[in-house]
Amino acid sequence: MTAVARLLLCHGAGAGCDSAFMQQLAAALQQQQIDVALFEFAYMQRKLELGKPVPPPKVASLLPELAAAIKALGDDLPLFIGGKSMGGRVASLLAALPESLEERVGAVFAYGYPFHPPRKAQWRTGHFSELSRPLIIMQGERDPFGNYAELSALISAWPEVTVHWLKTADHDFQPLKSSGLSQRQLIAQAAELTRGSIDAILAKVKY
């Protein structure tokens, strides 16, 4: 299957690229002809080596790691970056620093963006006005890190941000049983939305 683009995909704060979610997401994206390059931050690699929890460092310290990973990738395909939860946040922060982000990166994808910690009004959206690339978010309607009820009226204030809502899903895209959907179906839906967004961007920009 010929790939149309490459996505550098980072993990969330607590689980690495070998987690069930990341593996399912990567497989679903590949089904959409998106070449996935999984990227693990150094602290997560240490966690696996030590066999015990290693807390993530401050998010700002992860930006150089991601920038270096982007540089290491080939230029044979259009390139996009993103990640699950914290990984998507790190990618979006890099997109707010255009001098640190390679020009060939077309957009950022976040799968469950951590708008704020659960039950806390500590918003992680201050850099949204500085984004140099589109930020495309796949978000569960009942995600405790930012749900539909609290965000639907705010999105228009962020012109570079697009949010696709996944029906009754939580932060890991687990839906309510009453929805008749499964987590696997919602992950597949997120992958389809990713492909659609990539196609729209590539139609506008000559790579």
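Counting only residues at least two apart or on different chains, the salt bridge (Lys or Arg N to Asp or Glu O under 4.0 Å) pairs with a member in residues 32-59 are R6-D35.
Of the possible polar contacts, one joining the D170 side chain to the Q174 backbone as a donor-acceptor pair under 3.5 Å is found. The backbone N or O of H127 sits nowhere less than 3.5 Å from a side-chain atom of E130 that would complete a donor-acceptor pair.
In this structure F128 satisfies the ring pair (Phe, Tyr, Trp, His ring centres under 6.0 Å) test together with Y113, W158, sequence neighbours excluded. For F173, the ring pair (Phe, Tyr, Trp, His ring centres under 6.0 Å) test picks out F21, with sequence neighbours left out.
In this structure, CG in L151 is found 12.0 Å from CD in E141, a value given to the nearest 0.5 Å. In this structure, NE2 on H164 lies 10.0 Å from OH on Y111, to the nearest 0.5 angstrom. Taking CD of Q189 as the reference point, atom OG1 of T194 lies at 10.5 Å (rounded to 0.5 Å). One finds the OG atom of S179 at 6.5 Å from the CG atom of L186 (value rounded to the nearest 0.5 Å). Within the model, atoms CG of L166 and CG of L181 stand 9.5 Å from one another, a figure rounded to the nearest 0.5 Å. Atoms CZ and OG, from R124 and S92 in turn, are 11.0 Å apart once rounded to the nearest 0.5 Å.
The environment of Q31 atom CD is sparse: at most 12 non-hydrogen atoms of other residues, nucleotides or ligands sit within 6.0 angstrom. Within 6.0 Å of the OH atom in Y148, the count of heavy atoms belonging to other residues, nucleotides or ligands does not exceed 12.
Between F39 and F41, the ring planes lie perpendicular to each other; the angle is over 60°, past the 30° to 60° tilted range.
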